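Structure first, then comments.
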Amino acid sequence: MVSRRKLFSMVLMMAVVLVLFLFTQVYRNAVNDYDTNEYAKEVIFQQTDAFEVLEEKEDVPEGRQVVLIGNETGEFGNIVLQWCTYSKRSLRCFSDLTDYLSQENIDADILCIDPEYLSCTEDGKRLEAFYDQNMVVIFGGLPDTEELGQSPELCEVLGIKKIQKDSVELAGLYMYQDFLLGGEALYLAKTEEEAARQDLNLSIPWYELGGRTKKYMIGLIEAENVKREEQPAIVWRNTLGSTRVFAVNGNYLCEETGLGFLDAMMSESYSSVLYPIVNAQNLSIVDYPSFVSENEEVLQEIYSNNHRMLLQNIIWPSLISLSEQSGFKMTCFLTPQFLYSDNNMPQTDDFTFYLRQIKEQQGEVGWSAGGKDGISVEDKWSQDKKFFEDAKSAYIYSAAFAARGQTDEIIELNDSGEVAIQTIVGEGEEEKFLLSFVSENVTYQRITHRAASYNFSDDLRNRSLQTALGYTNILLDMECVSWPESTEEYWENYSRKVLGNIGTRWKTFSYFDRTAITESDSRLRNFFALDYEDEYIDNSINLKVKNREGIVYFLLRTHDKKINSVSGGDFSKIEEDAYIISAREDEVEISLTN
């Protein structure tokens with residue numbers, strides 16, 4: 001039997017717990033200024049402040065004068081242009097090698113050659129003149145084997161000893177350690193799941209290389225008598241005295257995977273390399289939440305719940321778990337409704353709930369400009385604006401998601417003063433750069449990956465973009481969940497892939513910062529505006545940063561040297577011989593030790 005004293009103590013303890021719980025909820029609601037976008041701040045840098053890569057400069061820092069034999073509008077040329085923009089290099093373009101060699105006042109530190117602008121027999125002889133010139137030569141691809149076979153001089157420059165086969169079928173690919181961030185990588189399908197992910201080119205020419213070469217990525221053939229060092233080369237370096245020549249057997253430098261390849265080649269050419277990065281990892285959840293009952297009959301049959309309950313009781317807890325386990329901050333690009341022609345109006349009942357919940361997860365709410373019935377961006381905003389007014393919300397939507405072809409419409413809406421968009425996220429290929437300004441005031445951040453898909457090419461792209469920029473932007477498309485067209489898009493199946501990919505594929509790169517999209521935009525503007533000079537003296541690097549606002553980030557890659565100390569900033573070791581430098585002042589000194 002419980003005594004009165006014990007009963008009183010138990011009741012008192014329960015009352016204390018209840019009061020503490022209620023107080024915690026009241027406190028959280030009081031301090032959660034959910035109707036304010038904490039990431040939407042006054043921008044400092046605009047397009048006119050950005051580094052100009054194509055300007056003719058007289059004082060280009062050593063190692064950062066790039067010459068392209070080709071056109072910057074071509075596939076390889078576009079990647080070189082992006083790379084120079086991001087790494088603050090000066091770029092000059094010439095239609096052929098003869099045109100460049102006729103210039104007396106331009107000495108390239110890095111010569112990038114588009115094979116489409118190469119004359120094998122003639123230019124092979126001209127390229128021999130670059131022997132021992134202390135420069136880097138990069139071939140964006142290779143001529144076909146027939147042309148190469150007719151130019152022994154070009155083969156000598158490339159380090160090709162013999163053309164074994166015009167084409168060989170590979171079982172997979174292997175990338176060696178310390179080329180891209182993320183360590184070694186094996187792209188070999190050993191299971192059915194891996195076979196479904198194999199989308200890399202497995203048919204390439206097979207070259208036998210000379211003794212002055214070093215391989216970074218190879219193809220794997222199943223023949224038992226072929227040793228690892230004899231496997232077909234995909235990426236390699238040849239040494240011509242003090243000149244380093246890089247060749248790529250494939251089109252890897254003609255897409256954005258090439259950005260990291262180019263930086264990795266610089267790391268393999270010098271004792272240490274230092275270059276700016278964005279340092280932003282983003283998760284863009286598009287078309288979530290929404291606030292209207294649509295597609296109810298289908299959703300009721302699949303989930304035994306209506307649309308509102310699906311979003312709030314099934315999907316939202318999963319997203320919280322995803323964010324907490326992976327560390328990614330959610331940027332939720334809401335759409336009040338998907339259909340605007342059915343007179344089914346959105347309800348504001350749950351609007352405050354989502355603002356508060358997303359804020360508690362350190363996330364951000366953006367605006368999705370897309371719709372299912374072809375409504376224009378201007379008309380969609382007009383109707384969405386009425387929804388926000390009915391909700392009595394003053395939240396500033398500084399980030400917008402653009403469906404394909406909508407970027408210009410959003411810019412026009414922004415220029416009219418109707419919205420205050422700072423950055424646009426999208427998948428549109430109409431934007432030639434992965435990251436760029438699309439107007440004087442608005443930046444563009446392209447999606448890098450879709451959360452539910454991660455093939456071998458996606459992994460290679462991820463490693464490359466992390467190496468080049470420390471950047472990712474993962475798309476979690478929620479329209480397909482609300483309007484599923486197959487069982488693969490049911491949340492149970494869709495979320496399994498999403499949680500598996502994000503929880504494992506990006507775990508390696510957790511040393512980069514997780515950011516909300518507008519937070520990423522602030523870093524991106526600093527990244528675009530800054531310029532720098534670095535000087536290597538003995539065991540120290542003197543870094544001078546221009547146009548810095550707040551903290552800016554650099555990646556330092558060394559060879560068997562470690563950081564002893566950093567003044568004017570901080571550092572963190574991310575891999576062997578790889579460090580993130582956080583520059584807090586305009587002058588940073590990095591002390592190295594063996």
Side-chain angles (χ1 to χ4, degrees), residues 51 53 66 68 70-89 91 110 112 114-116 138-141 173 175 179-182 185 187 199-201 216-217 234-235 246 248-267 275-282 284 402 404 407 423-438 443-451 453-475 505-506 509 512 520 523-524 527-528 555:
F51 176 85
V53 67
V66 180
L68 169 67
N71 194 310
E72 72 271 16
T73 61
E75 290 183 340
F76 176 56
N78 173 261
I79 297 304
V80 173
L81 178 60
Q82 287 194 64
W83 177 59
C84 290
T85 300
Y86 302 147
S87 59
K88 315 301 176 181
R89 289 179 162 88
L91 176 63
I110 303 160
C112 298
D114 188 331
E116 293 185 5
I138 299 171
F139 285 82
L173 288 77
M175 176 172 287
F179 187 63
L180 298 179
L181 293 182
Y187 301 111
D199 61 342
L200 296 171
N201 180 24
Y216 302 103
M217 188 162 77
I234 296 176
V235 181
F246 289 89
V248 178
N249 187 4
N251 65 347
Y252 298 99
L253 294 186
C254 294
E255 50 196 32
E256 281 155 357
T257 300
L259 294 172
F261 278 48
L262 292 171
D263 279 316
M265 290 172 182
M266 295 303 101
S267 177
Y275 55 90
I277 58 173
V278 182
N279 190 18
Q281 309 283 291
N282 301 299
S284 295
R404 296 182 188 276
T407 301
T423 189
I424 296 174
V425 171
E427 291 185 284
E429 296 179 357
E430 64 271 15
E431 304 305 329
K432 299 299 184 182
F433 276 31
L434 178 76
L435 305 169
S436 65
F437 274 98
V438 288
T443 64
Y444 185 85
Q445 303 183 61
R446 190 188 297 163
I447 294 296
T448 62
H449 296 82
R450 279 185 162 259
S453 175
Y454 199 83
N455 294 327
F456 286 165
S457 65
D458 294 311
D459 184 77
L460 191 58
R461 177 182 174 85
N462 192 12
R463 291 168 181 266
S464 176
L465 295 181
Q466 302 288 13
T467 301
L469 300 164
Y471 181 86
T472 200
N473 192 359
I474 309 168
L475 171 63
R505 312 301 184 186
W506 277 268
F509 305 105
F512 290 120
S520 174
R523 296 188 176 200
L524 185 58
F527 173 76
F528 281 140
L555 187 67

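What you see is a predicted model, and the numbers here were worked out from it, not measured in a lab. In this chain, residues are counted from 1 in sequence order.
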With side chain to side chain contact (heavy atoms under 4.5 Å, CB included) as the test, would you mind laying out the steps for D459 and M175 before giving the verdict? CA-CA 12 Å; D459 184 77; M175 176 172 287; over 6 Å; no

Chi angles and distances behind the side chain to side chain contact (heavy atoms under 4.5 Å, CB included) call for N251, N201: CA-CA 9 Å; N251 65 347; N201 180 24; 5.7 Å; no

Go through R89 and L262 one step at a time and tell me if the side chain to side chain contact (heavy atoms under 4.5 Å, CB included) criterion holds. CA-CA 12 Å; R89 289 179 162 88; L262 292 171; over 6 Å; no

Show, in sequence, the C-alpha distance, side-chain angles and deciding distance for R446 and N473, and conclude whether the side chain to side chain contact (heavy atoms under 4.5 Å, CB included) test is met. CA-CA 7 Å; R446 190 188 297 163; N473 192 359; over 6 Å; no

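Between the CG atom of L524 and the CD atom of Q445 there is a distance of 5.5 Å, given to the nearest 0.5 Å. Separating the CG atom in N78 from the CZ atom in F433 is a distance of 6.0 Å, to the nearest 0.5 Å. R523 contributes atom CZ, which lies 12.0 Å from atom OH of Y471 (distance to the nearest 0.5 angstrom). Atom CZ of F139 is separated from atom CG of N249 by 13.5 Å, given to the nearest 0.5 angstrom. For the atom pair CD1 (I474) and CZ (R450), the distance works out to 13.0 Å, reported to the nearest 0.5 Å. Here the straight-line distance linking atom OG1 of T85 with atom CZ of F527 works out to 9.0 Å at 0.5 Å rounding.
D199 contributes a side-chain N or O that, together with a main-chain N or O of S457, makes up a donor-acceptor pair within less than 3.5 Å. A donor-acceptor pair is defined here as one N or O able to donate and one able to accept, closer than 3.5 Å; such a pair exists between the side chain of T467 and the backbone of R463. Looking at Y86, its side chain does come within 3.5 Å of a backbone N or O of L435 through a donor-acceptor pair. Under the 3.5 Å distance criterion, the side-chain polar atoms of Q82 are matched with a main-chain donor or acceptor of L434. K88 places a side-chain N or O within donor-acceptor distance of the main-chain N or O of F528, the cut-off being under 3.5 Å.
In this structure, G77 and L68 approach most closely via the heavy-atom pair CA-CD2, 3.7 Å. Counting all heavy atoms, side chain and backbone alike, G140 lies closest to C254 at O-SG, 4.2 Å. Taking all atoms of both residues into account, the shortest heavy-atom contact from L173 to M217 is CD2-CE, 4.2 Å. The minimum heavy-atom distance linking V425 with S284 is given by the pair CG1-OG, 4.0 Å. Closest of all the heavy-atom pairs between L465 and E256 is CD2-O, 3.7 Å. Considering every non-hydrogen atom in both R404 and E427, the closest pair reads NH1-O, 3.3 Å.
Using a 4.0 Å cut-off between charged side-chain N and carboxylate O, R461 and E255 make no salt bridge.
No side-chain heavy atom of F246 sits under 4.5 Å from any side-chain heavy atom of L253. In this structure the side chain of K432 never reaches within 4.5 angstrom of the side chain of T73, judged on heavy atoms. Contact check for V53 versus E72: no side-chain heavy atoms found under the 4.5 Å cut-off. Between W506 and Q466 the shortest side-chain heavy-atom distance falls below 4.5 Å. F512 has its side chain within reach of L181: a pair of non-hydrogen atoms, C-beta onward, lies under 4.5 Å apart.
Applying the side-chain contact (heavy atoms from CB on, under 4.5 Å) test between F261 and each of L259, T257, D263 identifies T257 as the sole match.
For D458, the side chain to side chain contact (heavy atoms under 4.5 Å, CB included) partners are H449, S453, Y454, N455, not counting sequence neighbours.
Residues in residues 73-86 take part in no salt bridge (charged side-chain N to carboxylate O under 4.0 Å, His left out) pair, two or more places apart or across chains.
Between Y216 and F179, the ring planes lie parallel to each other; the angle is under 30°, not in the 30° to 60° tilted range.
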